[in-house]
Structures are given as C-alpha cells and as structure tokens.
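In what follows, a single structure is set out as structure tokens and then discussed.
Chain A is the first sequence line, chain B the second, and so forth, proteins listed ahead of strands; every chain is numbered from 1.
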There are 2 protein chains.
Amino acid sequence: MSLTDRRKIPEATVARLPIYLRSLHEEEQAGGGTISSERLAELAGVNAAKVRKDLSYLGSYGTRGVGYDIEYLIFQMSRQLGLTQDWPVVIVGVGNLGQALANYGAFGERGFPIVGLCDADPLVIGTHVQGVLVRSIDDLPDIAEERALSIGIIATPAHAAQSVADRLVAAGVSSILNFAPTMIAVPEEVSLRKVDLAIELQILSFYQQRKAGGPPVIGAVG
Amino acid sequence: MSLTDRRKIPEATVARLPIYLRSLHEEEQAGGGTISSERLAELAGVNAAKVRKDLSYLGSYGTRGVGYDIEYLIFQMSRQLGLTQDWPVVIVGVGNLGQALANYGAFGERGFPIVGLCDADPLVIGTHVQGVLVRSIDDLPDIAEERALSIGIIATPAHAAQSVADRLVAAGVSSILNFAPTMIAVPEEVSLRKVDLAIELQILSFYQQRKAGGPPVIGAVG
DNA sequence: CGTTGTGAAGATTTTCACAGCG
DNA sequence: CGCTGTGAAAATCTTCACAACG
C-alpha cells in the first residue's frame, strides 16, 4: 500500500482503531519500543489476526520478525484518525448528562475542546460549566461561526433531539453524537453515532435472562 | 417456531430489539393497534426486510396482509428481553459520570433500579445520591446479598476498573457495563458491554477528516 | 390485495494458515 | 527463526425477492 492510498477502511476496523491507539499509548508509557500483534491484541481485547488485518489497512508499518514500532504506529494511527488537529465540540442540553460530559475533562485533553454549551432553559442559560458559558440554543449559528465547530453532542430529552439535530446541521455541524433515547434523521453527508444507556442495559438483560434459563414460557403449566 | 423454541438469536438482532421495543412504545402511545414492518423500520431507522427477519427470530407474531399487533409484540419482546422482571443495578464510582447516571431516573422506571452506589473516596462515602447511600466498595458483597444484585456499572477512572470488575464478579454480578476507558477481562460466563465516550468522538473524527479530504499525506511536497 | 416469513443471494467481517521477509 | 501481511475459507449479517397466507 502506498502512502497516498485512500482505499476504504472497513467500518468495523475504524471502530477498533481508537482502542488500538489507547492500548499503544499504555504500552508506550510502560516503555516498550516495539509491540507484536499478539501483545496489542491482548491489550485491546481482540485476537492477533484481527489486529494484523486491521493494521494492514493503514499500511505496512510493521517489521517481520520484530513487530510494530510503537511511536511510529501511534503517529500513523493518529494521522488516520484525524487526531493531529482539534475538533471543537458543542454540547446541547446541559442537564445531568450534559453537565457530566462537560465536566469530564478528558475530552479537551484528547483534542475535542468544548467550545459551546447550549440549553433551552432560561434558568440554565447564563450559567457557566467548566468555565464555558451556557448560551441559548438560538445562538448555535453564532457559536459555529466564532469557533470552527465540527461536532455536536445531543444530551437533551428525546422529544427535543430531532429539532436540535436539525439546528446543528443547519449551523454546519457535520458529525453528531446522540445521547437522547430516540432515533434522529440527518442528511447522508452527516456522520451520526448514538449512545443509549438504557439500551445497553436491556441488551445485558437479555443475556442475563438466558443465563437464568430463558424467558418464561407462556404456555407452561404451573 | 414453537413457543418453547430457544434457537439462538443473532447478536446483531439482540442489539436491535430494544430499539424496536422503544419504537413500539412510541407507536402505541400514538394509538395504533397494529404496525407494519415498513412503519416499524421507519421508526427504528433500519429497513423493513431487517425488521421482518429480526422479528422472525422471536416467533411468527405477525398477520399477513395486516401487520403486527403492537401490544402483543411489546409483550413478546419484553419477555424475550427479560424486562418482565427487575434487574437491580449497582453503580461503582460516584464521580461526575456515576452521579449523572444515578440521577438519570430513566433507569429505575425501566426496570433497572439502582440499589447500590459504591466509591473508594471516604469523602463521598456516607453521602446520598437520589436517596441512595454511597457505601464503601468493600461493602459490595453485602449489597449483593441484601438485594438480588445482577448488573454492575463501572464508572471509575481507568486504573481502578479491572479491580472493580474482579470485585463485582466475586460478589456474584454476572453482567457488567463498563464506562471506564480501558479494557477489562471477565470470566466467559459474565456478560460485558462497554461505552467509551472518547472513542465515539474519535470515530467521528475519522469520518470528519475524510470529508475534509483525508489524512495529511506525509510525503507530500508543500 | 397487502404484508408477513423466509430461503437464497450478496456483502461484510472474522478467522485460518502460511508464504514472505527481516 | 519469528512475526507480519494477506489470500482464501468460514462465519455472520444484510438484502432481495417471492411464495404463502390472512
């Protein structure tokens, strides 16, 4: 693969790259200069064949018989993931979750500075969270213009989510992370990911129940 | 498919069932008695063929030419998902995120009552969040015994996560939802799901960058 | 008719297994 | 010799397309 190769990286692989990157940072801390696919697989919680296949989409950055140079792999992976630049984030909805996210300092450190907070509640507008002023959601276009806004986080109740998504898109935001427990529609060119806590628990519930013998059989005689 | 059929439901399908269930509740609110796969697909954000295939794993609960009876489908799906009973939850780590989760009332309402909060910090232990006492993490076995604890949520910093997971497993918890930004290992019989906010942002970053023309080409002449 | 349920085809993802290379 | 990189096989997931049936 050449340096300029823009061949499509499978979605499943893209979703694992950040996990590899985190593992590489851990291993770098621990001091190693190179790492084998076996070791990286262990840290990332996958198998070695998958690691090698995934990394091969980035290019041939390993050395046979030796492994991968950690520092160089971190560099290449960061570049591919677009982490060599900052991506300013706005959080819409400053309730429990929105505040927790705003207070969760790790975002800014990792290249996702929170440059805006929006809410609809007049009681919340005007307050500060982590030094960031909470503004009206009507100010979204202004915020987008002032800062090079690229990512929007929706942390509102479900009923407001679609309207917020529309406003984000109108303001030029082209990546959205949705925490509201509802489906939202966006234009094709906008990236959308969702995190739904209740759904994660329900998935666990399914498997938990299977362990306990499966769902109650409705026709059972008892 | 018979009522007692325990054929394996694909993981991908299981992960979508809660989304269908939410859509069904919405539609029930809106009043309809039956729903077509087409309409359910629209609400859930997938296509109709997938809906029909997914539902077929639960059984033949539709009526050709008519659709699915909403109430009955909700009943069957809830049963399969294990939502006809409560699954008590403990949250370990009462920092920003842990508190936000504890305050996020939707869990209890949806059958996942928070029966315990644990932390390692003596300053936090003894306080209450949403009426629940924060106890020492050493009390985990007691909490598990007092209440029929089944699900553990890890909301600690990364360095503490593995140790917390071990303690949860030791206390008999067999489903874990991990918010700590690190991989944790659990025995095979324990279900594990993870939510990592930073990773979601990095995945968005990847696609955001592609929109902007792809990663900087390191060999480029400028 | 209209919509489900489902084999079969197609696409994607994972895993295997080994040639290739340092 | 050891470990990567990768074709090929296997598994999983999605979509098609239509017979079956109320």
Side-chain angles (χ1 to χ4, degrees), chain A residues 1-3 5 7-20 23-24 27 32-74 76-77 80 203 206-207, chain B residues 1-3 5 7-20 23-24 27 32-74 76-77 80 203 206-207:
Chain A
M1 290 175 70
S2 81
L3 285 174
D5 199 331
R7 127 174 21 182
K8 180 145 187 282
I9 300 181
E11 271 190 43
T13 294
V14 172
R16 281 188 296 266
L17 293 181
I19 300 174
Y20 297 145
S23 304
L24 288 168
E27 192 72 356
T34 66
I35 190 172
S36 68
S37 61
E38 194 80 47
R39 172 73 178 136
L40 181 50
E42 189 188 320
L43 292 172
V46 300
N47 72 38
K50 197 182 281 178
V51 167
R52 291 200 298 278
K53 185 65 108 181
D54 284 341
L55 295 188
S56 78
Y57 291 112
L58 301 183
S60 292
Y61 297 139
T63 306
R64 291 165 204 245
V66 178
Y68 302 86
D69 182 275
I70 296 179
E71 198 181 347
Y72 188 60
L73 194 51
I74 286 176
Q76 287 296 347
M77 206 173 277
Q80 287 281 345
I203 294 172
F206 175 88
Y207 292 109
Chain B
M1 288 176 70
S2 81
L3 286 173
D5 199 330
R7 127 175 19 183
K8 181 146 185 283
I9 300 181
E11 272 189 41
T13 294
V14 172
R16 280 188 296 265
L17 292 182
I19 299 173
Y20 296 145
S23 303
L24 288 168
E27 192 73 355
T34 65
I35 190 172
S36 68
S37 59
E38 194 80 47
R39 171 74 179 135
L40 181 50
E42 189 188 319
L43 291 172
V46 301
N47 72 39
K50 196 182 281 177
V51 167
R52 292 200 298 277
K53 185 65 110 180
D54 284 342
L55 296 187
S56 78
Y57 291 112
L58 301 181
S60 292
Y61 297 138
T63 306
R64 291 167 204 243
V66 178
Y68 302 87
D69 182 274
I70 295 178
E71 198 180 348
Y72 188 60
L73 194 51
I74 286 176
Q76 288 296 348
M77 207 173 277
Q80 288 281 347
I203 295 171
F206 175 87
Y207 292 108

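One can place CD1 of B:Ile35 at 12 Å from P of C:dT3, the figure rounded to the nearest angstrom. In this structure, B:Asp69 places its CG atom 13 Å from P of C:dT4, rounding to the nearest Å. One can place CD1 of B:Ile70 at 14 Å from P of C:dT3, the figure rounded to the nearest angstrom. For A:Tyr61 and C:dC21, the OH to C1' distance is 19 Å, given to the nearest whole Å. The distance between atom OH of A:Tyr72 and atom P of D:dT4, rounded to the nearest whole Å, is 17 Å. If you take OH of A:Tyr20 and P of D:dT4, they are 13 Å apart, rounded to a whole angstrom. Distance, B:Leu40 CG to C:dG5 P: 12 Å, rounded to whole Å.
Here A:Ser37 does not reach the OP1 or OP2 of D:dC3: none of its side-chain N or O atoms lies under 4.0 Å away. Between A:Ser36 and D:dC3 there is no side-chain polar atom (N or O) within less than 4.0 angstrom of OP1 or OP2. One finds no side-chain N or O of B:Tyr68 lying less than 4.0 angstrom from the OP1 or OP2 phosphate oxygen of C:dG2.
Under the 4.5 Å side-chain criterion, counting only non-hydrogen atoms from C-beta, B:Ile19 is not in contact with B:Val46. Counting only heavy atoms from C-beta outward, the side chains of B:Leu55 and B:Met77 approach each other to under 4.5 Å. Looking at heavy atoms from C-beta onward, B:Val51 lies in side-chain contact with B:Tyr20 at the 4.5 angstrom threshold. Under the 4.5 Å side-chain criterion, counting only non-hydrogen atoms from C-beta, A:Leu58 is in contact with A:Ile9.
For the salt bridge (Lys or Arg N to Asp or Glu O under 4.0 Å) condition, no pair includes a residue of residues 60-70 of chain B, sequence neighbours left out. The stretch residues 42-61 of chain A participates, sequence neighbours left out, in these salt bridge (Lys or Arg N to Asp or Glu O under 4.0 Å) pairs: A:Arg16-A:Asp54, A:Arg39-A:Glu42.
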Summary of protein contacts for nucleotides 10-18 of chain D, nucleotide by nucleotide, where a base hit scores B, a sugar-phosphate-only hit scores S (4.0 Å, heavy atoms)
---SSBBB-
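Under the side-chain contact (heavy atoms from CB on, under 4.5 Å) criterion, A:Glu11 pairs with B:Tyr207, sequence neighbours left out. Here A:Tyr68 pairs with nothing under the side-chain hydrogen bond (donor to acceptor under 3.5 Å, both in side chains) rule; sequence neighbours left out.
Nearest heavy atoms, A:Ser23 versus A:Leu40: CB-CD1, 3.7 Å.
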All N/O contacts under 3.5 Å from nucleotides 19-22 of chain D to the protein, with atom names and distances to one decimal?
residue : atom : partner : partner atom : Å
D:dA20  : N3   : B:Arg64 : NH1          : 3.0

